[in-house]
2 protein chains.
Amino acid sequence: MREAEARAVLTNGYTARMEQPTGSAAPTARARARAELTEEIKACASRHLAEQGAAGLSLRAVARELGMASSAVYRYFPSRDELLTALIIDAYDAVGEVAEAAATGKGTMVKRFTAVAMAIRAWAVAHPHDYALVYGTPVPGYAAPRDTASPAARVSLAALQVVADGAAAGEVDVSVRRPMPIPKATRSDMARLRVAASIDLPDEVLLRVLLAWTTVFGTISFELFGHLHTVVEDYEAFFRHQVGRAALHVAGG
Amino acid sequence: MREAEARAVLTNGYTARMEQPTGSAAPTARARARAELTEEIKACASRHLAEQGAAGLSLRAVARELGMASSAVYRYFPSRDELLTALIIDAYDAVGEVAEAAATGKGTMVKRFTAVAMAIRAWAVAHPHDYALVYGTPVPGYAAPRDTASPAARVSLAALQVVADGAAAGEVDVSVRRPMPIPKATRSDMARLRVAASIDLPDEVLLRVLLAWTTVFGTISFELFGHLHTVVEDYEAFFRHQVGRAALHVAGG
DNA sequence: ATCGAACAGAGAGCACTGCTCTCGAAAGGA
DNA sequence: TCCTTTCGAGAGCAGTGCTCTCTGTTCGAT
């Protein structure tokens, strides 16, 4: 029994302990209560995270605020890191959602790309600790990669889609004035990316997008982590301008 | 007495407690021992940091390894965060040093800029936890800004100098094909930067450098923090290529 | 409806952390 | 020599993550 339980936790995480609705929608009262309390714990932890950051997130503190014993929380999350992982997934989904919403807008590729970047930054500024949790220093060794992989991809795919649309509309200049030789390894990296993202863009354009992408997150990280403290005063104006540059570069400018 | 001591700690930090050599170089045995032990603590803490990261750095653990009581360490560093701040300053100096060394090389601006970026990345890959400490999520609220400001600037100034040299040699195209209107706030930001860095480059070029700069650190952070995990296999080739693109962009390409 | 198994909560406890306080020993300058 | 400052050690406090054990409840199958 104990071994089976341990294995379940190892393979499927805490969700494995939730009783699945048995075909016909009949969630037992206990399962409902469990799902609710799980959400409540996550919500409370998210609040604590927003206030004090990941380092200050204490399982005992959320248990106290929820009026339960600290040991009871372990029925829902097997460890503090698992709780953090759940919050990471939520954060990925949140930023992915705002990016996708911004990507659906109309206009030129440069405009849409800028809109996506601005949306990401706005989310990051509004939720700095969530941003840090996701795009800052990884928490322990690092968080579970499998569970976070697909939510993490959403935000990037949104941007790639914008560029793919722009390329289809002829807004992307594929001719290179001064071609840089692309290393063989990087070529195969891009080939793999094309398959994984199901997006047909030439190496040249993909690399331009990645350049712009690292600029977006590099600039946001610099802003939030204080590396532009003595340089920039109006962060939003600076960011919009730089993202515009990056988007023009993607278009081939 | 107590109040005076507290004020000294608040204003000057732990260094205020070190006895200054009284004019003529006569460091007492105690002062020497103190300086040595301070370095020893820092070195030991740095080792722990390299192994387990900032989160796993325990004052008690370094005290144990040094064979002293944990309370004795507080004679040298008033808190764990101050110890971390000392490590942050050392890390800034370390990365600044390798960047400056790389910047002294000869060749075109693109070559030198790439060399600086490659040196930074090599340092980051060799000391990932130090990099995370400096360019990742800020540790508590945040570290002392005054003490870290000037070491932090070294690495950026090295890159700016490379570009300034390139501009002096006529390697930077100042004419803009498709000029992007620069916001007034950003214009004054750049004006301030010109004064602070004592480097005379037009807004256009400074903004290009900042774009490349955020690309450099954005790419390194993406690599070290696992955001390119499923995309790139040969990180060094990818980085070199992207930095080359960024450097060409700085040159006006 | 009953019974055994699974589950949920609470409490005690372990090992660890940062940090403070107090005390005695050592070193420094007068 | 004496007196102040410094230093190291130990005990102790409040807090942490996590485990274990014990009780009461709920669930599903008989």
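In what follows, chains are A, B, ... by sequence order, proteins preceding strands, each numbered from 1.
Checking the phosphate oxygens (OP1, OP2) of D:dA14, no side-chain nitrogen or oxygen of A:R64 falls inside 4.0 Å. Taking only side-chain nitrogens and oxygens, B:R30 never comes nearer than 4.0 Å to OP1 or OP2 of D:dG8. Between D:dG17 and A:S58, a contact under 4.0 Å exists linking OP1 or OP2 to a side-chain N or O. One finds no side-chain N or O of B:S71 lying less than 4.0 angstrom from the OP1 or OP2 phosphate oxygen of D:dG10. Between B:R34 and the phosphate of D:dC7, there is a side-chain N or O to OP1/OP2 separation shorter than 4.0 Å. For B:Y76 and D:dG8, the shortest distance from a side-chain N or O to OP1 or OP2 is below 4.0 Å.
Remark: P of C:dC16 and CZ of B:R80 are 17 Å apart, rounded to the nearest angstrom. In this structure, A:I41 atom CD1 and C:dG9 atom C1' are separated by 12 Å, rounded to whole Å. The CG atom of B:L66 sits 11 Å away from the P atom of D:dA9 (whole-angstrom rounding). Rounded to whole Å, the distance from CG on B:D81 to P on C:dT17 is 16 Å. To the nearest angstrom, P of D:dT6 lies 19 Å from CD of B:E36. Between B:M68 atom CE and C:dA25 atom C1' there is a gap of 15 Å when expressed in whole angstrom units. Atom-to-atom, CG of B:L83 to C1' of C:dG18 comes out at 12 Å; the value is rounded to the nearest Å. At whole-Å resolution of the value, CG in A:L84 and C1' in D:dG17 are 12 Å apart.
By the 6.0 Å contact criterion, CZ on A:R32 is open, its count of non-hydrogen atoms from other residues, nucleotides or ligands being 12 or less.
Picking from D:dC27, C:dC19, D:dG17 the nucleotide with the shortest atom distance to the side chain of B:Y74 gives C:dC19.
Residues B:F225 and A:P138 come closest through the heavy atom pair CD2-CD, 3.4 Å. Residues A:L83 and A:A45 come closest through the heavy atom pair CD2-CB, 3.8 Å.
A:F239 has its ring centre no less than 6.0 Å from the ring centre of A:Y235.
Judged by atom type and distance alone, A:R75 reaches the base of C:dG9 through a side-chain donor-acceptor pair under 3.5 Å. Remark: the A:R60 side chain and the D:dG15 base include no donor-acceptor N/O pair separated by less than 3.5 Å.
Nearest-nucleotide positions on DNA chain C place B:A61 closer to the 5' end than the other of B:A61 and B:A29.
In this structure, A:R154 fails the cation-pi test against A:Y92, since its NZ or CZ atom is not both closer than 6.0 Å to the six-membered ring centre and inside 45 degrees of the ring normal.
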